[in-house]
K.L.:
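Here it is, the structure in full.
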Amino acid sequence: MIKHHPTQEMLTQFAEGTLPASLSIAISAHLELCPCCAKQVKALENDSSERYFVETDNDFDGDLTTDVDFAEMLNDITSDDSITQVHRYIPQTLQYQAKEVIVPRAIASIERSDFSQVGKLSRSRLVLEDGELRASLLQIAPGGEIPNHTHTGFELTLLLDGSFEDESGTYVAGDFIWLDGRHSHTPRTENGCLCFTLVNSALHFNKGLSKLLNPIGNLIY
């Protein structure tokens with residue numbers, strides 16, 4: 001069962017279209033996996049559209065008599081052969097760790113690099129110009145672990161497949177996990193997992209030899 005979700009503020013901003021592109025992708029992907037949040041966003045979008053049209057009607061001070069022939073206008077639109085026909089979306093899949101998973105539509109639509117591997121971690125960066133935000137697909141192989149670390153900015157992890165655990169508990173597909181400098185954890189997975197990650201700064205490793213990774217912490221996520 002999904003236990004970790006975007007905040008109400010994030011869902012509201014998503015419905016209003018005011019979030020950065022990378023974060024919108026993360027929430028859109030979460031909505032594909034979480035019917036509860038998808039239902040909330042649909043209600044928020046309905047409320048937002050109703051408010052918009054009420055405000056638009058109240059702001060209208062023109063003459064209701066108009067020369068526009070709406071029937072003719074609609075006929076022009078529907079008879080335009082240059083309009084592209086809508087094609088049925090075919091889900092995209094990703095082969096990883098000897099299995100195949102469906103990639104959420106919002107993520108699949110973005111170009112990404114090939115996976116690069118360091119130990120039991122493999123990362124594919126999404127080709128997305130979004131300021132300081134870096135979005136990636138991250139694989140952790142069975143038995144893999146990311147050394148104990150905190151965050152110099154924020155770290156969002158959306159678990160797409162498999163499971164992992166840290167000091168706070170166990171996470172399953174669909175969990176939307178937001179961490180920042182107040183948190184320190186050691187993610188590990190018994191059977192492997194695939195995640196969408198979003199960060200705005202480097203990780204900071206806390207213990208032992210892993211501290212040597214701090215100069216390249218921004219290359220891992």
K.L.:
So do Leu23 and Gln13 actually touch side chain to side chain, heavy atoms under 4.5 Å?
P.N.:
no
K.L.:
Please identify each residue that fulfils side-chain contact (heavy atoms from CB on, under 4.5 Å) with Ala141, with sequence neighbours left out.
P.N.:
Gln97, Lys120
K.L.:
Do Leu159 and Leu179 sit in one hydrophobic cluster, given that two such residues count as connected whenever their side-chain heavy atoms are within less than 4.5 Å of each other, even indirectly?
P.N.:
yes
K.L.:
Side chain of Glu167, backbone of Thr186: donor and acceptor closer than 3.5 Å?
P.N.:
yes
K.L.:
Is Phe154 reachable from Leu11 through a run of I, L, V, M, F, W or Y residues, each pair having side-chain heavy atoms under 4.5 Å apart?
P.N.:
yes
K.L.:
Near Gln8 CD, under 6.0 Å, is it more than 12 heavy atoms from other residues, nucleotides or ligands?
P.N.:
yes
K.L.:
Taking side chain as C-beta onward, heavy atoms only, is Leu160 less than 4.5 Å from Leu94?
P.N.:
no
K.L.:
Cluster question for you: counting only ILVMFWY and a side-chain heavy-atom cut-off of under 4.5 Å, with indirect links fine, are Leu137 and Ile177 together?
P.N.:
no
K.L.:
Which residue is it: Leu138, Thr157, Leu126? I am looking for the one with a side-chain contact (heavy atoms from CB on, under 4.5 Å) to Phe196.
P.N.:
Leu126
K.L.:
Side chains of Ile25 and Leu128: does their closest heavy-atom pair fall under 4.5 Å?
P.N.:
yes
K.L.:
Is the closest side-chain heavy-atom distance between Ile102 and Thr93 below 4.5 Å?
P.N.:
yes
K.L.:
Keeping to residues at least two apart or across chains, list the ring-ring contact (aromatic ring centres under 6.0 Å, His included) pairs with something in residues 2-31.
P.N.:
His4-Tyr171, His5-His30, His30-Phe176
K.L.:
Find the distance between CD1 (Ile2) and SG (Cys36) and round it off to the nearest 0.5 Å.
P.N.:
9.0 Å
K.L.:
Please examine the side chains of His149 and His185, heavy atoms only from C-beta on, and report whether any two atoms are closer than 4.5 Å.
P.N.:
yes
K.L.:
Could you go through the side-chain contact (heavy atoms from CB on, under 4.5 Å) check for Asp175 and Lys3 one step at a time?
P.N.:
CA-CA 6 Å; Asp175 273 332; Lys3 296 181 179 178; 4.3 Å; yes
K.L.:
Do Leu19 and Leu44 share a hydrophobic cluster, counting only Ile, Leu, Val, Met, Phe, Trp and Tyr and linking them when any side-chain heavy atoms are less than 4.5 Å apart?
P.N.:
yes
K.L.:
When you compare the side chain of Met1 with that of Val172, does any pair of heavy atoms fall below 4.5 Å?
P.N.:
no
K.L.:
Hydrophobic clustering (ILVMFWY, side-chain heavy atoms < 4.5 Å, transitive) - are Leu133 and Met10 grouped together?
P.N.:
yes
K.L.:
Does the side chain of Phe164 come within less than 4.5 Å of Ile146's, by heavy atoms?
P.N.:
no
K.L.:
In the structure I gave you, are the side-chain heavy atoms of Arg112 and Ile110 within less than 4.5 Å of one another anywhere?
P.N.:
no
